[in-house]
Amino acid sequence: MAGLALEGPNPDVDVLDGINGLAKDAPHWVNKAMEYIGEYGIIAGLAVLCLIAWWSARRRPGAPAAVAGLVWAPLAAGIALLANIPIRSFVERPRPFKEHAGLEVLIPGKSDFSFVSDHATLTMAVGVGLFIAHRKFGLIGILLALAEGFCRVYMGVHYPTDVVGGFALGTAVALLLAPLAQALLVPLTTAIGRSKLAWLVCAPGVEVDGPAGQDADGSRVVATGSAMRRGHKERDKDLAA
């Protein structure tokens, strides 16, 4: 497929020229900062945000389910990137600087296809995945993804529709596969919550409650940091008495 070129006025190119034009007038240090932020910085920021969200989720009631939701965010990003491989090969859209002279290209030498943007796909999948698990962290993640999309156009390496397509792909994967992911991940994180690796999913003193947080004999599972302490229901009744 030859790409997504349009005859006559092309709003995609107009927006590209407008945003990338900011780079032509910006000081060198601003463009260097945008290059770093757009290529590595926002992705690193999302990684830190995921770690903060994980640390917070470990302290919530039903922590294994909350942690499972957070684990889905980077997994969704990985699946979305894999889904983008055949899309790029099918569309075969050249990078904008190969078809439009005069762009300020901050990262030269990119030779792969343009549609859809991997960076936009990855960041939006993580942002939406976080939003499913925790709205506050998710909103921050989605704002970071939007900033990533702006950076990719500013840097002259993607058309705006490349970014929009990436946002759509990342959102679709994160939302549509979330129920299946939770069904698979919650039992896994609950099992980890009963093991010596309990600290990965539960802060000390947080109960793994609900059916997934009970052993076959009905005992409660409580995180103690390095292991789990199991108290039988009968013992709880005796203590309450």
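Counting begins at 1 with the first residue of the sequence.
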Compare all side-chain heavy atoms of [X] with those of [Y] and state whether any distance is below 4.5 angstrom.
| X | Y | result |
| --- | --- | --- |
| L16 | L103 | yes |
| L49 | L130 | yes |
| L75 | L185 | yes |
| L184 | L188 | no |
| C50 | V126 | yes |
| F150 | L22 | yes |

Look up atom [atom1] in [X] and atom [atom2] in [Y], then write down how far apart they are to the nearest 0.5 Å.
| X | Y | atom1 | atom2 | result |
| --- | --- | --- | --- | --- |
| D12 | D17 | CG | CG | 10.0 Å |
| L200 | S195 | CG | OG | 7.5 Å |
| K24 | N20 | NZ | CG | 6.0 Å |

Legend entry - Results of salt bridge (Lys or Arg N to Asp or Glu O under 4.0 Å) for K32 - residues two or more places apart only: E35
Legend entry - salt bridge (Lys or Arg N to Asp or Glu O under 4.0 Å) involving D112 - partner list, sequence neighbours excluded: R88, R95
Legend entry - Test side chain to side chain donor-acceptor pair (under 3.5 Å) applied to N31 - qualifying residues, sequence neighbours left out: Y154
Legend entry - side chain to side chain donor-acceptor pair (under 3.5 Å) against S114, all qualifying residues, sequence neighbours excluded: H158, D162
Do [X] side-chain atoms and [Y] backbone N/O form a donor-acceptor pair below 3.5 Å?
| X | Y | answer |
| --- | --- | --- |
| S56 | I52 | no |
| T189 | P64 | yes |
| S89 | P86 | no |
| E104 | G21 | no |
| T171 | A168 | no |

Legend entry - ring-ring contact (aromatic ring centres under 6.0 Å, His included) contacts touching residues 128-147 (sequence neighbours left out): H134-F137
Identify, with sequence neighbours excluded, every residue that meets side chain to side chain contact (heavy atoms under 4.5 Å, CB included) alongside [X].
| X | value |
| --- | --- |
| A83 | L169 |
| A133 | L70 |
| P27 | W29, V30 |
| P74 | none |

Identify the two heavy atoms, one from [X] and one from [Y], that lie closest to each other, and give their separation to 0.1 Å.
| X | Y | result |
| --- | --- | --- |
| G170 | A80 | CA-CB, 4.3 Å |
| G156 | P96 | O-CG, 3.6 Å |
| A63 | A57 | CB-O, 3.6 Å |

Can you list, pair by pair, the side-chain donor-acceptor contacts under 3.5 Å of residues 36-45, counting residues two or more places apart and other chains?
{"from": "E39", "atom 1": "OE1", "to": "R152", "atom 2": "NH1", "distance (Å)": "2.8"}
{"from": "E39", "atom 1": "OE2", "to": "K110", "atom 2": "NZ", "distance (Å)": "3.3"}

Inset, instruction - Could you name each residue pair satisfying side-chain hydrogen bond (donor to acceptor under 3.5 Å, both in side chains) that touches residues 62-86, not counting sequence neighbours? - result: N84-D118
Legend entry - Under the ring-ring contact (aromatic ring centres under 6.0 Å, His included) test, residues paired with Y159 that sit two or more places apart: H100
